[in-house]
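Both backbone and side-chain heavy atoms feed into the values below; hydrogens, waters and symmetry mates do not. Whatever order the structure lists them in is the order used to number ligands and atoms, beginning at 1.
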Amino acid sequence: MTVDIAIIGAGAAGIAAARTASALGKTCVVLEARQRVGGRAFTDRSLGVPFDAGAAYIHFSNRNPWIREARRLGIETRLWRGWTHHEPWLGGHPIAAEEIERRIAGYGELWEHIETLGEAFPDLSMAEAGSTLSPWAHATLTNMSRLGLGEEPTRLSLHDYISQWEGPDHILPEGYGSLVEASARGLPIRLGAIVRSISARSKGFDIATEQGTAQARAVIVTVSVGVLKAGHIAFEPGLSAPLLRALDGLDMGALTKIVLAFDGERFGLKPGDDKILLDAPGGSMSFEVWPFDRNIIIAVTGGDAGRDISRQGEAEAVDRVATLFSSLIGQDCRSHLRGGRLANWWTDPFSEGGYAYAHPGAFSARQALMDSGIEGLYFAGEATAGGRFGATMTVAGASYAGWDAAKRAAKHLR
Ligand SMILES: Cc1cc2nc3c(=O)[nH]c(=O)nc-3n(C[C@H](O)[C@H](O)[C@H](O)COP(=O)(O)OP(=O)(O)OC[C@H]3O[C@@H](n4cnc5c(N)ncnc54)[C@H](O)[C@@H]3O)c2cc1C
């Protein structure tokens, strides 16, 4: 097979790159390792109802292109109005209202502190940035790091954190993964095509896959930073020193979801409730109750606790989460449990983690990752999004990065 542009990976970045390449009149093929599209935007239906194993919220929806795409495809999105009842637990009890207020104020305190640091402050870790603040600001920051970014605050760059775009969120009853999947229809995608190597030749590239070798004049690689760092794809010539330095500055967090499916017993809880165990083993765990009025609980943890539970495997993870959930509802929920899933991005060889974050001092690594140093070879994906767009770590950011890489590839081919 010979095409103008080969795109590695059919996640949001690969889909966007393929659409743009086709719109610019270039022939292309998307080589995808899994037997499905969407990558880390995946709606799992194996429990009988849809839930998003990866991306679930259309963040900064006031300017997110996936809102327009949902309208085009006739897929429903709803403005997320927050939890109806948010209940943090500590030491076996819900924490007092005043303590919740202190923690909310702690969030404000953190932002005030960041603003007083001014424009050109050193790229501290999130933990360092919070070290002089009140215990409540510190607790809020730790929670936010683990459950928002999937990583311990000591490893996260503050610059990277604050560069993220903010705005209202939208949710999708049929799942964000379903939207991304629908958006890929009609594109030239080869499933089960695990790419093993990409070799530069005089007139382009040879891309060796499990299904044979493809030739292309340009290549866009959209696999995660985790996949690149694990060396699952060999590059010839090898990756440049600046690119390896950029990869050193980035790593994958371990945001992890464990879903419990019940027989219809609701334990007195209402859809839209959210409970959070602040002292779950290894870090906090949140429990989203009956999303879209479905009989499932979505538990989320991250950082080292996410890694730990991922390594245990599905059966043990589901059992552990059922035990923790039981501690919140005051009875053993197991007799009503009908199944469970572990969305295990951390040990998945095609993901190798949740999403990429920059280490303290390495904020510029996202931008550096965009430049392969080899004519015709481009890297794109959520990890590079923060280089030019503050949409880092999101589906939208991955799409921006895919568009941008396809435009650069098309320009190179001209
Ligand atoms: C638990 C979790 C929750 C999240 N929540 C949100 C959210 O609410 N909102 C949001 O916007 N974002 C969220 N994200 C982040 C979002 O999912 C990602 O930023 C985005 O989906 C990444 O898209 P991508 O195209 O860059 O990478 P991917 O989706 O990872 O696509 C890369 C593709 O490459 C394929 N691949 C890997 N190796 C090979 C190989 N050797 N050969 C061929 N193909 C290969 C993979 O199978 C994959 O399909 C979340 C992520 C996780 C894990």
Would you call the rings of [X] and [Y] parallel, tilted or perpendicular if under 30° counts as parallel and over 60° as perpendicular?
X	Y	answer
Y57	H59	parallel
W111	Y161	tilted
F60	W165	perpendicular

Using a strict 4.0 Å cut-off to heavy atoms of [X], name the atoms of ligand 1 that fall inside it.
X	value
G381	26 (O)
V227	38 (N)
A12	25 (O)
G39	29 (O), 48 (C), 49 (O)
A53	1 (C)
L31	43 (C), 44 (N)
Y355	4 (C), 14 (N), 15 (C), 50 (C), 51 (C), 52 (C)
G354	53 (C)

#### Entry: Test item: side-chain donor near acceptor, S183 and R72, under 3.5 Å
no

### Task
Would you kindly say whether S131 and E128 are connected by a side-chain donor-acceptor distance under 3.5 Å?
no

Tell me which protein heavy atom sits closest to [atom], plus the residue, atom name and distance to 0.1 Å.
atom	value
atom 6 (C) of ligand 1	A55 CA, 3.2 Å
atom 9 (N) of ligand 1	Y57 O, 2.8 Å
atom 11 (O) of ligand 1	V395 N, 2.9 Å
atom 18 (C) of ligand 1	E382 CG, 4.0 Å
atom 36 (N) of ligand 1	V223 CG1, 3.7 Å
atom 47 (O) of ligand 1	E32 OE2, 2.6 Å
atom 32 (C) of ligand 1	T222 O, 3.5 Å
atom 29 (O) of ligand 1	R40 N, 2.8 Å

Is [X] salt-bridged to [Y], going by a charged N under 4.0 Å from an acidic O?
X	Y	value
D169	R81	no
R196	E210	yes
E314	R341	yes

### Message
Is the distance from the ring center of Y176 to that of F42 below 6.0 Å?
### Response
no

### Query
Under 6.0 Å between the ring centres of H232 and F350?
no

Less than 4.0 Å is my threshold; does some heavy atom of [X] fall inside it relative to ligand 1?
X	value
S224	no
G38	yes
S351	no
M393	yes
S399	no

Of the listed options ([options]), which comes nearest to [atom] when hydrogens are ignored and any heavy atom counts?
atom	options	answer
atom 23 (O) of ligand 1	A41, P349, G226, A398	A398
atom 42 (N) of ligand 1	V195, V37, N344, L255	V195
atom 3 (C) of ligand 1	G306, A33, G54, A13	G54

[X], portion touching ligand 1 at heavy-atom distance under 4.0 Å:
X	answer
I233	side chain
A193	backbone
W345	side chain

Determine yes or no for a side-chain-to-main-chain donor-acceptor pair under 3.5 angstrom, with [X] supplying the side chain and [Y] the backbone.
X	Y	result
W345	A53	yes
S310	N344	no
K275	P94	no
E152	T154	no

### Query
What residues, two or more places apart in sequence or in another chain, satisfy ring pair (Phe, Tyr, Trp, His ring centres under 6.0 Å) together with H138?
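For H138, no residue satisfies ring pair (Phe, Tyr, Trp, His ring centres under 6.0 Å) once neighbours in sequence are set aside.
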
### Message
Please evaluate residues S224 and R40 with respect to the criterion side-chain hydrogen bond (donor to acceptor under 3.5 Å, both in side chains), reporting the C-alpha separation (whole Å), side-chain torsions for both, the decisive distance (0.1 Å), and the verdict.
### Response
CA-CA 10 Å; S224 73; R40 284 168 277 164; 4.7 Å; no

